[in-house]
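No hydrogens, no waters, no symmetry mates; every other heavy atom, side chains included, goes into these values. Note on naming: letters A, B, ... go to the chains in the order of the sequence lines (proteins, then strands), and numbering restarts at 1 for each one.
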Amino acid sequence: MSEVDNDEVWDLVEEAMDMPDGPAKVGVMEQAVRLADALNDVETSYQVRLNLLEACTFGGYPEKALVAFAWCQTQFDKDPERFEEHDLLWRQKWIIDKLANFPQFSKQQIYEMLDDMARRYEAWGAGKRSELKLRYSIAYAMGDKSETRRLMGEWEKTYRDDLTDCEACEVDDLVEMNTFFGDYEGAVKAGDVVLKTPLRCMHVPHTTHARLLKPLFFLGRYQEAMQNHRKGYPMIRDNPAFLCGASQTLEFLVLTDNLGKATKVLEAHLSWATDTKELWMRFRFYLSALLLLNTLLDRGKETISLTLNQTCPYAEPGGKIDLKVMRDRMMKEAEAIGASFDKRNENTYFKDWMKEHDSYRNRIIHVPLKSTVEAR
Amino acid sequence: MVQKAVKHNFQVHLSGIIDLLSNHLYSGPQVFVRELLQNAVDAISARRNEDPDHEGEISIEAIEVDGRPHTLVVIDNGIGLQEEEIHRFLATIGQTSKRRDELLTRTADFIGQFGVGLLSCFVVSQEIVVITKSIKPDSPTVEWRGHSDGTYSIKILDKDIAPGTQVYLTAKADSAEFFTPARIRELCEHFGSLLPYPIKIVNGTRKNIINESGVPWERAFLNQKDKIAFLKKYGEETFNISALDCIELRSQVGKIEGVAYVLPYAPSLTGKRTHKVYLKHMLLSEHAEGLLPDWAFFVKCVLNANDLRPTASRESFYEDEALEEAREELGNCLRRYLVDLAENDLPRLEKLISLHYLAIKAIAIQDDELYKLFIDLLPFQTSLGFMTLSEYKQRSGVIQYVRDVDQFRQVSRIAAAQGICLINAGYAYDSKLLERLPAIFPDLEVELIEPSMLVQQLEDLDFDERERSFDLIRTADVVLQPFKCAAEVKKFKPSDLPALYSANDDALFKRTIEQTKDQANSMWSGILDGVAEDIGRGYSQLCFNLDNSLIKKMCGIKDRKLLQQTIEMLYVQSLLLGHHPLHAKEQELLNNGMIGLIEYCLRFQTE
């Protein structure tokens, strides 16, 4: 009944591979998967899904990656001889890493999945380093500082193996963790390791620059922070997988009192935040957005003009938006998301985080953007 | 007077350094030619600092003994060295060996660099002899003889030579391939074709200058047309491509000049963008990256930088602020070129866009001015074929687009049949470009279309038709309800299409989750439910076509069971037609439906 053939599927995959990461690439890969499924050829479906999974992970659609992974693992378990195990195990980390960012997954579900991964990794002959990194990442996502610290201590004792993240990613992550612990010096030190050596990966140093903004700012190293912004923002501004970096950029621009540029960044990325199903990331962006909206209100502004994608719930015809209405609405939404996380995590991290972040309104210091090399 | 040779020692672990150079930092042993040329050029430049009228010259000869490669002789008429200076460069080797950056980036002073340059020759040579005479008054001719084991000797020679330096390399047994006249010539051309002083290759009695034509973009031309023709030809020789056009590049920062060639083919979007770059006229790399902004993937360039810092391996430039600013300036050269084309040479711009529209789309997203200039010229895939935005605007007042390829696939045929022009914005950059339209052209109406909206635009039934199809629609609603699919009857072309299945992103994703759940184990099914929970209700619809003869017949079916089965089969068939994989329940429909219909036919047969 179907006139699709294998070539058509792989043509689409190739076409997608040639596209920059992001929704368009994911769309074409999804189409390839649908066509492959219509062929009723499990092998093709499996291989194309691995590609889709990768496009989703690096293009900002972790929930789609998860569904693709579930399908692949199911097929793998049915017939382990048929597929390459390392390919699948490698991708399993990406999936587990994102689970805690969805409040609808219970702790039990998350740890059940993690244990399943740990069993498979062990059977494959890998050490515990990947598992421990995920354990501390999950503790971090749940806002548990002491547990994160404890697990990082365990993680540090292990060695790298064929399934652990590359060194670039590991060190890049230390920037975030040290910032989380409030150790800004440590964060900058880790950042130096990434930026002053040839350590590179798919998302490194893209994420590194944005992660360094806050620690450098709070250490008073404004010029370096600005340099990181200038270098890093062009690397992340076109791919929704970097929503976190966009949030960090927005926060930084408000902190440095560049409200015009901050508004532009809000306009460019708000629809990423409203589109994403990964609520942790939406919350993170809303924190930065609220910092901007509140700062504008503090300065007596009443409206903000934003050209938003027509599917974005904050879009207004004509583009002029009432600041207070927008702020109240976003705050309510952020509070609701935070509450769902706090309920799942059984703590008050998100509530506290929101409060602490709001206090950044009193930390604003003007640092000029260097206009000559400013990204358009 | 012949002074007795005095034995000295480098005081460093020379073989360690040589190993470091050859195996870890340099791209290969052949770089010794680059280093020798650089030494000669530096020596001549130093002499010209004192005597601007001095005409420098470098000569190179590969001497074969018994038909086998043996010795390489490099002679320059540069500043020459005094004995004290030789001691100094050797000391520099000792120091720089501890700082490998300096060892390789030639950041030491001239004398120090000379030694460092010589070092790389030990990668291919057992013994190096340098005979040199300084231009300083009363300087004797000095001979330095160094060995790869780290020992060397210096003596003053009786014989007087013209000021300058002669370097003699004896080939190591395993490096003979680098010493053939043909290879030496090739390497000299490779590294030195843009060097400012003539490089003479001596082969027996034949002498050849390999860099006579000089730096192409620094030459004087009668007019711009000649210049472009010449540069194009140079591009053809350099990259083996017949470029669409060439663009002159210039940046104050980094003191850069060069030429960008517009590729005659559409390059891969995600491939590496490499360029041929020279540092102070010496070839640095044929595959340097990061010199142009990301969007500039439609050109390949060759350029010379006089003031950028090379990386340790001397194969690319160091990523610093100067490079960042230079990149911006070079990007502006390309930008100005494009703007100029838009204003003065539309046909050429159209030709460029037909090949490089992806690059132009990439830059238009980031640059409002270019966006305004180019957007009308950019091609988009539509339900009525490829067309530029301006062609589209002539056809339709409202710009309608769907966001992904799948939705386009669902409705493009129907849209085309109704004469509706719909853009497929599922490819790289297209969504972003179209979303920006209203911000830049406030008068334009732009509409993001969901497939369901398109279905709504199809022709409605009149009263009688509605009455006639009432049973069909009511039954269909009930039959399709378990599949979360709404039913509708409309009239549309093509009339041979009985029904159209359409769904939005959320609905399709839900289908995928459903399909995965059919197979996955219980651990997954909880997780998959969790994913589905947060997805909107989604929307899917089966729209029957009353212009289709089969549907007309279905309106007359009195047998409820048969009608139900026919609807189920049409539903499954529409899914398959749209290449939507069936999940278990739908597969079951297909199986049962088939059997049912067969039975139905057989019943007629037996009656």
Side-chain angles (χ1 to χ4, degrees), chain A residues 1-2 4 12 15 17-28 30-31 33-38 40 45 63-64 66-68 70-71 73-75 77-78 99 102-106 109-110 112-113 116 227 230-231 234-235 237-238 271 277 279 307-311 319 372-373 375-376, chain B residues 268-271 293-294 319 321 324-325 327-328 362 365-369 403-407 409 425-432 435-436 438-439 446-448 505 508-509 512-513 515-517 519-521 523-531 533-535 573 576-582:
Chain A
M1 189 168 273
S2 143
V4 185
L12 268 177
E15 192 172 339
M17 296 281 247
D18 204 22
M19 293 166 78
D21 284 323
K25 180 174 187 163
V26 170
V28 177
E30 281 183 307
Q31 180 66 9
V33 165
R34 262 173 225 133
L35 294 193
D37 285 352
N40 269 325
S45 289
E63 74 287 355
K64 291 187 173 179
L66 188 149
V67 176
W71 191 95
Q73 196 181 62
T74 304
Q75 298 303 330
D77 287 349
K78 272 187 204 159
L99 291 176
F102 293 82
Q104 66 266 43
F105 299 144
S106 68
Q109 278 177 318
I110 295 169
E112 197 183 343
M113 299 278 289
D116 172 74
Q227 233 172 17
R230 284 208 320 270
K231 246 186 206 165
M235 297 182 183
R237 68 174 165 210
D238 293 322
S271 60
K277 313 278 189 215
L279 292 184
T307 303
L308 297 168
N309 183 324
Q310 77 187 70
T311 53
T372 52
V373 284
R376 243 171 267 278
Chain B
S268 155
L269 256 184
T270 47
D294 280 347
E319 181 67 51
E321 246 180 79
E324 198 183 322
E325 285 178 37
R327 182 157 49 222
E328 184 92 3
I365 290 175
Q366 294 172 28
D367 185 321
D368 284 356
E369 191 191 339
R403 209 148 52 153
D404 64 52
V405 276
D406 190 85
Q407 295 187 345
R409 210 178 166 117
Y427 292 106
Y429 313 121
D430 288 355
S431 271
K432 277 189 200 155
E435 279 164 17
R436 278 179 80 79
V446 182
E447 200 178 2
L448 173 66
D505 282 347
L508 290 180
F509 187 40
T512 310
I513 296 174
Q515 181 202 358
T516 306
K517 248 181 79 179
Q519 312 196 6
N521 64 31
M523 176 183 77
W524 279 114
S525 89
I527 291 279
L528 292 169
D529 284 339
V531 176
E533 194 181 291
D534 198 47
I535 312 253
Q573 194 245 3
L576 290 174
L577 210 58
H579 303 303
H580 299 286
L582 304 183

So which of B:Asn521, B:Ile535, B:Leu508, B:Asp529 has the biggest tally of heavy-atom pairs under 4.5 Å with chain A? B:Leu508

Is there side-chain contact between A:Glu63 and B:Asp534, with at least one heavy-atom pair below 4.5 Å? no

Engaged part of A:Phe105 at the chain B interface, taking heavy atoms whose separation is under 4.5 Å: side chain

Looking at every heavy atom in both A:Arg34 and B:Pro581, which two are closest together, and how far apart are they? CG-CD, 3.6 Å

Which residues satisfy the side chain to side chain contact (heavy atoms under 4.5 Å, CB included) test with B:Leu448, sequence neighbours excluded? A:Gln310, A:Thr311, B:Tyr401, B:Arg403

What part of B:Lys432 gets closer than 4.5 Å to chain A, counting heavy atoms only: side chain, backbone, both or neither? side chain

Do you know which of A:Asp77, A:Ile110, A:Thr74 has the most heavy-atom pairs under 4.5 Å to chain B? A:Thr74

Nearest heavy-atom neighbours spanning A:Gln104 and B:Val531: NE2-CA, 4.3 Å

Interchain contact, B:Glu533 with chain A, by part (heavy-atom threshold 4.5 Å): side chain

Of the backbone (N, CA, C, O) and the side chain (C-beta and beyond), which part of A:Met113 lies under 4.5 Å from a heavy atom of chain B, both, or neither? both

Most contacts with chain A, counted as non-hydrogen pairs under 4.5 angstrom, among B:Thr512, B:Thr516, B:Asp404, B:Val446: B:Thr516

Top residue by heavy-atom pair count (under 4.5 Å) with chain A, among B:Ile527, B:Ile513, B:Val405, B:Leu528? B:Ile527

Measure the CD-CD distance between B:Gln519 and A:Gln73 for me, rounded to the nearest 0.5 Å. 13.0 Å

Nearest 0.5 Å, what's the NZ-OH distance between A:Lys25 and B:Tyr427? 14.5 Å

Looking at B:Ala425, B:Ser268, B:Ala439, B:Pro293, which has the largest count of heavy-atom pairs under 4.5 Å with chain A? B:Ser268

Contacting region of B:Ser431 [heavy-atom separation from chain A under 4.5 Å]: neither

Got a second to check how far A:Arg237's CZ is from B:Gln366's CD, nearest 0.5 Å? 4.0 Å

Pair count under 4.5 Å, heavy atoms only, with chain B: among A:Leu308, A:Asn40, A:Val67, A:Leu12, highest is A:Val67

In the structure I gave you, are the side-chain heavy atoms of B:Asp406 and A:Glu30 within less than 4.5 Å of one another anywhere? no

Pick one of side chain, backbone, both or neither for A:Asp238, based on which atoms fall under 4.5 Å of a heavy atom in chain B. both

What is the minimum heavy-atom distance between B:Gly426 and A:Val28, and which atoms define it? O-CG2, 4.0 Å

Assess whether atom CG of B:Asp294 is packed by more than 12 heavy atoms of other residues, nucleotides or ligands within 6.0 Å. no

Whatever's closer than 4.5 Å to a heavy atom in chain B on A:Lys78 counts as side chain

Within a 6.0 Å radius of atom CE on A:Met17, are there more than 12 heavy atoms belonging to other residues, nucleotides or ligands? no

Just by distance, do the side chain of B:Glu435 and the backbone of A:Asn309 share a donor-acceptor pair under 3.5 Å? no

